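Note on naming: letters A, B, ... go to the chains in the order of the sequence lines (proteins, then strands), and numbering restarts at 1 for each one. Everything numeric in this text was worked out from a predicted model, so none of it was measured. Quick note: numbers below take in every heavy atom, side chains included, and nothing from hydrogens, waters or symmetry partners.
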Protein chains: 2
Amino acid sequence: MSSTPTVYDVAERSGVSIATVSRVYRNPDSVREATREKVLAAARDLGYVPSGNARGLASRSTGVLGLCFPDYSDPDTESEAAAADADDDHAFMLYSDQIIRGMERAARRHGYALLIAASLSGGPESLVAKVAGRVDGFAVLARTVPTEDLEVISRRLPVVMLAGPRDPDGPDHLDHIEVANADGQRALTRHLIEDHGLRRLAFVGGVEDSPDAQARFDGYAAARQEAGLSVPRAPDVRPELMTQAEGARAVEALLDRAGAELPEGILFANDQMAIGALHALERRGLRVPEDVAVTGFDGIPLGRLVRPALTTVRQPMRRLGEEAVDLLVHRLGSSGTAAEPESRVLPVDVVRRESCGCGDVAG
Amino acid sequence: MSSTPTVYDVAERSGVSIATVSRVYRNPDSVREATREKVLAAARDLGYVPSGNARGLASRSTGVLGLCFPDYSDPDTESEAAAADADDDHAFMLYSDQIIRGMERAARRHGYALLIAASLSGGPESLVAKVAGRVDGFAVLARTVPTEDLEVISRRLPVVMLAGPRDPDGPDHLDHIEVANADGQRALTRHLIEDHGLRRLAFVGGVEDSPDAQARFDGYAAARQEAGLSVPRAPDVRPELMTQAEGARAVEALLDRAGAELPEGILFANDQMAIGALHALERRGLRVPEDVAVTGFDGIPLGRLVRPALTTVRQPMRRLGEEAVDLLVHRLGSSGTAAEPESRVLPVDVVRRESCGCGDVAG
DNA sequence: TACGGAAATGAAAGCGCATTCATCCTAGGT
DNA sequence: ACCTAGGATGAATGCGCTTTCATTTCCGTA
């Protein structure tokens with residue numbers, strides 16, 4: 001335990017050169033069997049484990065991919081965790097968990113390990129830099145890392161931006177993967193209009209600078225236009241945060257404003273708010289979906305558990321992680337080829353449950 | 001993008017020595033402000049990101065903790081994932097997910113990043129060695145890594161074994177953390193006996209070599225003894241796998257064997273089997289808990305969703321991850337002090353739900 | 001204005017491994 | 001037995017950074 005053994009120790013003990021020791025690990029077939037055995041035996045005796053750092057330094061590649069995501073104490077995700085009862089807290093996956101899972105699996109398939117780190121919003125030389133220095137390439141959840149940092153880092157290694165549209169001000173040579181926010185919301189809106197025959201609809205948007213929320217609103221607006229309904233220029237309500245509490249408040253505002261002209265359906269830019277709205281509507285004595293249909297967006301697990309179960313649009317977070325790895329691995333493979341930045345959009349699913357008026361459909 | 005900039009480049013461009021560049025990142029206060037600015041500016045221009053490998057090599061510490069867990073395609077966890085509908089597949093956390101979450105949070109608090117890797121069961125020089133070479137210390141889920149490998153690795157850096165009792169044949173200088181399997185099962189068994197007045201009980205065990213399952217059986221046996229019931233030497237049924245299918249089969253076997261003497265309660269060594277049993281019992285026209293009580297062990301989220309909701313013992317997997325980090329960080333702090341291997345046991349909770357006869361209790 | 005000590009900086013020596021290139025064996029061919 | 005082509009091995013160098021240790025620069029002070 002005192003001084004950890006190195007190639008030199010193993011080489012000495014087995015009577016070969018360090019080059020041979022190195023070869024035993026890197027390219028076993030290039031060493032005669034007898035020699036190899038000797039070396040491995042010595043290594044075992046000594047408790048030798050190759051230093052990943054040294055190896056990485058010498059071969060300039062780490063065999064590790066990275067993932068940076070927002071700190072859990074981020075208001076957005078925090079509320080998500082708090083949404084479930086304290087008891088359930090640990091039972092449900094956050095987005096980041098799903099992406100981690102997807103990336104880990106995909107990374108493993110390609111022989112990579114995964115380094116994960118939530119960026120503490122403050123930190124000067126944040127974890128991001130640390131991660132960037134230790135991996136061959138990495139993925140970043142949108143708005144986790146300051147654009148300027150990404151600019152610098154992405155010049156050194158491949159970076160793929162996840163979930164969240166390409167930042168026009170950001171580095172333009174970043175790959176990026178997002179989900180079909182607009183398409184999903186549009187499909188869901190059409191479902192309400194066409195299948196349930198609803199016409200008086202309201203849309204509760206998201207925070208000002210969320211491109212995701214904006215894209216969802218656009219999808220909503222597009223569906224209205226296609227249906228010949230009036231095309232709104234902005235969400236009917238635009239809360240500060242996309243939390244349950246804000247969702248509840250939004251619905252109050254909507255009802256107060258509407259008077260007798262209560263909307264037949266309210267679409268929320270995320271599940272959190274929709275669930276908050278469910279509670280608020282219940283308190284007001286309104287039935288969902290009989291009096292008013294409600295839909296969310298995201299497909300969080302909690303949405304399945306509430307009553308009525310929430311109709312929503314599910315994002316394939318797990319696949320997001322997988323695609324990210326694919327992209328990175330591909331970039332790493334065809335090094336030198338400074339190909340065009342790639343941009344992928346993953347399709348989403350409309351999940352019809354009870355809150356829109358569909359029966360108790362599986363899902 | 002061609003040649004990534006190094007300290008030398010930054011040093012040259014800013015007219016200082018590489019030592020100063022290094023100091024700017026490592027210990028900014030030891031450099032005059034004007035100098036620092038110069039260096040940072042140059043770094044920005046060049047797109048410089050310190051190499052974690054070089055840093056790690058030189059300072060012999062990585063600032064990274066590791067976690068190795070079994071491959072998802074492991075029969076045990078695989079069935080767990082398959083248990084939920086395909087749709088829910090991504091909605092629920094596996095054990096590993098929860099541990100990852102716990103470790104990531106704790107690691108971040110201590111300024112570490114987390115490197116995760118599922119060990120592909122086969123692999124010669126598995127990922128484990130790779131991980132071991134790149135971290136300051138790491139945690140291993142029981143039975144993920146061959147004992148001999150651990151023996152070697154644990155001589156080089158701190159390793160903590162998770163969930164699963166100390167392996168008597170294994171390295172004796174490993175820290176390890178487990179959950180109170182025996183205590184939990186004992187408490188649950190007592191609940192059935194004392195609170196529900198059940199006396200004809202059966203226990204469905206786990207795979208032969210699972211120390212966890214064994215510990216649970218021991219707890220069951222202990223509770224019987226305390227209650228003055230006959231003390232079994234072995235589980236009434238011991239399936240090959242701890243899957244839903246095996247749980248269903250076990251219950252069939254039990255019923256066929258029992259004839260009219262149907263047990264009043266069946267305790268399963270994990271939730272998976274218990275849930276399988278629920279289905280089997282329903283098919284046989286038996287009501288749970290009226291005709292027979294059923295309990296599981298683990299506290300998987302699915303247990304809350306089945307009807308009747310499953311009474312079980314919940315393991316604090318998340319905390320397991322946190323404690324692991326604490327232990328590792330502590331070891332790393334007091335280096336040199338070859339302290340005694342530490343062994344922690346985390347308490348578990350009995351979660352009373354419907355399947356044991358308790359009302360619709362929260363939890 | 002000159003002096004002492006602290007703060008700032010530079011020079012140089014590794015950290016542990018991969019990797020040419022050169023050297024040495026080994027085996028096959030005649 | 002002798003020569004040669006290849007395969008196995010060794011020597012040496014560098015990867016990019018941290019870290020003493022020595023040196024220089026700076027400040028306040030006499």
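Here the straight-line distance linking atom CZ of A:Arg32 with atom OG1 of A:Thr20 works out to 10.0 Å at 0.5 Å rounding. Between the CZ atom of B:Arg108 and the CD1 atom of A:Ile116 there is a distance of 9.5 Å, given to the nearest 0.5 Å. Taking CG of B:Leu162 as the reference point, atom CG of B:Leu320 lies at 4.0 Å (rounded to 0.5 Å).
For B:Thr62, the side chain to side chain contact (heavy atoms under 4.5 Å, CB included) criterion is met by A:Asn53, A:Arg134, B:Val64, B:Asp136, not counting sequence neighbours. For the side chain to side chain contact (heavy atoms under 4.5 Å, CB included) test, residues two or more places apart in sequence or in another chain that qualify with A:Glu323 are A:Ile177, A:Arg319, A:Arg344, A:Leu346. Listed by chain and number, the residues in a side chain to side chain contact (heavy atoms under 4.5 Å, CB included) with A:Val7 are A:Ile18, A:Val21, A:Tyr48 (sequence neighbours excluded).
Rounded to whole Å, atom C1' of C:dC17 lies 16 Å from atom NZ of B:Lys130. Spacing between atom CG of B:Leu46 and atom C1' of D:dG16 amounts to 14 Å, rounded to whole angstrom units. Rounded to whole angstrom, the span from the CZ atom of A:Arg134 across to the C1' atom of D:dG16 amounts to 12 Å. At whole-Å resolution of the value, CZ in B:Arg23 and P in C:dA7 are 14 Å apart. Following rounding to the nearest Å, B:Glu12 (CD) and D:dC17 (P) show an atom-to-atom distance of 14 Å. With rounding to whole Å, B:Glu37 atom CD is found 12 Å from C:dT9 atom P.
Here the side chains of A:Asp175 and A:Val159 are not in contact, with every heavy-atom distance at 4.5 Å or above. Between B:Glu104 and B:Leu67, the closest side-chain pair of non-hydrogen atoms is not below 4.5 Å. Side-chain contact between B:Cys68 and B:Leu141 is absent, with no heavy atoms from C-beta onward closer than 4.5 Å. Side-chain contact between B:Val16 and B:Thr35: present, with at least one pair of heavy atoms (C-beta onward) separated by less than 4.5 Å.
Looking at heavy-atom distances under 4.0 Å, A:Val21 makes no contact with the nucleic acid at all.
No side-chain donor-acceptor contact under 3.5 Å links B:Lys38 to the backbone of B:Arg13.
Across its full length, the helix from C:dT1-D:dA30 to C:dT30-D:dA1 shows an angle of 30° between the axes of its 5 terminal pairs at either end, rounded to 10 degrees.
In this structure, B:Thr20 does not reach the C:dT9 phosphate: none of its side-chain N or O atoms is under 4.0 Å from OP1 or OP2.
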Output one line per pair: protein atom, nucleotide atom from nucleotides 4-8 of chain D, and distance, for all N/O pairs under 3.5 Å.
none

What nitrogen or oxygen pairs link the protein and nucleotides 13-16 of chain C at under 3.5 Å?
unit_1 : atom_1 : unit_2  : atom_2 : d
C:dC15 : O2     : B:Ala58 : N      : 3.4
C:dG16 : N2     : A:Ala54 : O      : 3.4

